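Encoded as structure tokens, here's the structure I'll be asking about.
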2 protein chains.
Amino acid sequence: MLFRQLQYLVAVAREEHFGRAALRCNVSQPSLSSGIKQLELRLQVPIVLRGRRFLGFTNEGKQIIEWAERVLSQHDAMMAELSKMRGSLEGRVRLGAMPNSSPIIPLLSRLLRKNHPDVEIDIHFMGIEETIIGLQKYTIDVGVTYLQSELLSGLKSLLIYDERLSLLVPDTEEYEGISSITWKEAASLPLSLLSGSTHERKIVDDAFAEAGEKPKSYVTSDSIMNLIYHVMFAGLVTVIPQNFLLMSGKFSGVRAIKLVEPEVSQQVGLVWSSTEPIMPMARAMVSIIKELKASGKLEEHWG
Amino acid sequence: MLFRQLQYLVAVAREEHFGRAALRCNVSQPSLSSGIKQLELRLQVPIVLRGRRFLGFTNEGKQIIEWAERVLSQHDAMMAELSKMRGSLEGRVRLGAMPNSSPIIPLLSRLLRKNHPDVEIDIHFMGIEETIIGLQKYTIDVGVTYLQSELLSGLKSLLIYDERLSLLVPDTEEYEGISSITWKEAASLPLSLLSGSTHERKIVDDAFAEAGEKPKSYVTSDSIMNLIYHVMFAGLVTVIPQNFLLMSGKFSGVRAIKLVEPEVSQQVGLVWSSTEPIMPMARAMVSIIKELKASGKLEEHWG
DNA sequence: ATGCGTGATAGATAACACCTATGAAATTAT
DNA sequence: ATAATTTCATAGGTGTTATCTATCACGCAT
């Protein structure tokens, strides 16, 4: 049962703990232990660094894990294909999404649940580069990211929506009646922005740069939710994707103002590996996006 | 032991015969039979059409085979990676090559044997489209084809050499002293050309078209060797890649003449899947090509 | 009919994947 | 220091199963 052993191995890699890994695999801890040992015996190479507890993997082990994940990914895809042939798609979609796409993910999962009630969905938020690596290494099935990246060669993609940037401000008299604002003007306001060197932050910086500004950010955070809270409770303003606010009035005490000169627009879409045949989970997600776009639910979602 | 069962399945698919498949897998025929049956049981789906002999596969079976090949491809890659870690690369390279590249393949296999004596090589000649499909379906590890095809997106490639076309003529006084000839002139000679709608034939047709000619082919064959024989024994002329003849005097009674106006040149290179990490067999072939190009053996090979 | 090829079936055996119970070493708490 | 806890390995037993050899059943050709 080599497949099982590979599953044990990746479980140990994820949990870094034999007991929890066994739990995740629904076997007893000794079974998992001996499974790993059998694997090392058959592959003729030590994999786990063992002192009286889990100490990590050997270099060979790390490589084996990468391959094991690929093997299992294909295995799971085969099983999914089979379940579909038998009637209903079963299994798990591993979705890698950029945080900016967070508000629309529920639309996807809702449709997924409707069309394929037996499919679970694992959502992991990650950066664009990480998403692409995940697709290449088969640790995720599909990604949701910006499409215009150069990194997407060798991958297939499908547009979901255009992301527009807005300025989020407190709903006070200071900003009353303002329906649009230029980046230049915004630069002089008390800003809180996303941190780091992410693609998302770069878009904002580029837009300011195009308006000849290089504003400093009073508060820097890696969480959009946290930025919104800063607008609510600290009187700062921030730049967020429109879709975070356009679902009518889910946040109170804040308002979104259109940012112009320039009007920044980014394509957000589904990305998946261009293998042939297409992995069944990826295909399922693609048809869901198509259904979503055709149904008009997207526009409805954000008014 | 699902892996074994998948191997049984693809063996049956290849051999279309249970006994030979068992032989190939080094197990007895009943073992293989029950292995297949176990697989059908576990996957809950009939795979093989059974009357008192092998009658083909069900539709589900055909799909399962595709996935099985992908799974096993990753499995074999993992095993190869492991053997490399343990000292020497072991396994089998599945090479898909276009027939035109036939003369240089021995150079590759010779270097492969030198660098990796434990690696076997399976050479299958096939068309460009077939090669690309094979790479996508993981039925081959690397391909040798023309590089300028549009179909190569999502694949990695490395130039091996430039293919030039020559006119092959009988070594008689009729063609004595002629060292180059135009496509226009060649069009009026008794031609024998490759058949079909292959990429290789299209290049020849395009060259003639560029010279304003659309010659008819007295003899049409899908074998370059056969075309050469027609030049030798039927007094016809043909268009062949230079490299078929430039290895000094392996064919007697024929001569190659340079074809000009236009001078046709096609890049021939190694192609492989752009997965990450790169499959070990593909990596081995890549480094062999690099070594070959650096060593100057290629130029030496054809004078 | 007779013989041959092909795959399924029967019965026996050895391997092994799994379990529970327990042990040994290291870390943490008292 | 001593005890408790955590963590993984080991021991022994059990049921499953992958494999083998030997044989059978069916189709097909001579």
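Letters A, B, ... are given to chains in the order of the sequence lines, protein chains preceding strands, and every chain is numbered from 1. Keep in mind that this is a model prediction, so the values were computed, not measured.
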**Report entry** Value in whole Å for how far the C1' atom of C:dA17 lies from CD of A:Q7
**Finding:** 14 Å
Query raised in the report: Taking atom C1' of D:dT19 as reference, at what distance in whole Å does atom CG of B:L2 sit?
Result: 17 Å
Query raised in the report: Side chains of B:E69 and B:S73: is there a donor and an acceptor less than 3.5 Å apart?
Result: no
**Report entry** Side-chain donor-acceptor pair present, A:S34, A:Q38, cut-off under 3.5 Å
**Finding:** no
Query raised in the report: Side-chain N or O of B:S28 less than 4.0 angstrom from OP1 or OP2 on D:dC20?
Result: yes
Report task. Check the side chains of B:W67 and A:Q74 for a donor-acceptor pair under 3.5 angstrom, ignoring hydrogens and angles. Result -> no
Query raised in the report: Less than 4.0 Å between a side-chain N and a carboxylate O, is that true for A:E81 and A:R86?
Result: no
Query raised in the report: Heavy atom of residues 59-72 of chain A under 4.0 Å from DNA chain D: which residues?
Result: none
Requested in this report: Treat primed atoms plus P, OP1 and OP2 as sugar-phosphate and everything else as base, then score nucleotides 3-8 of chain C 5' to 3': B for base contact with protein heavy atoms under 4.0 Å, S for sugar-phosphate contact only, - for none.
Outcome: ---SBB
Query raised in the report: Ion pair present between A:E40 and A:R50, side-chain N to carboxylate O less than 4.0 angstrom?
Result: yes
Query raised in the report: Do B:Q29 and B:S33 pass the side-chain hydrogen bond (donor to acceptor under 3.5 Å, both in side chains) test, and can you show the C-alpha distance, the side-chain angles, and the key distance before you say yes or no?
Result: CA-CA 6 Å; B:Q29 172 264 318; B:S33 273; 3.2 Å; yes
Requested in this report: Determine: side-chain N/O of A:Y8 to OP1/OP2 of D:dC8, distance under 4.0 Å, yes or no.
Outcome: no
**Report entry** Side-chain touch A:L9/A:F57, heavy atoms, less than 4.5 angstrom
**Finding:** yes
Query raised in the report: Side-chain N or O of A:Q5 less than 4.0 angstrom from OP1 or OP2 on C:dA17?
Result: yes
**Report entry** Option passing side chain to side chain contact (heavy atoms under 4.5 Å, CB included) with B:H116 (candidates B:L111, B:L89, B:I121)
**Finding:** B:L89
Requested in this report: Send over the distance from A:R42 CZ to C:dA15 C1', rounded to a whole Å.
Outcome: 10 Å
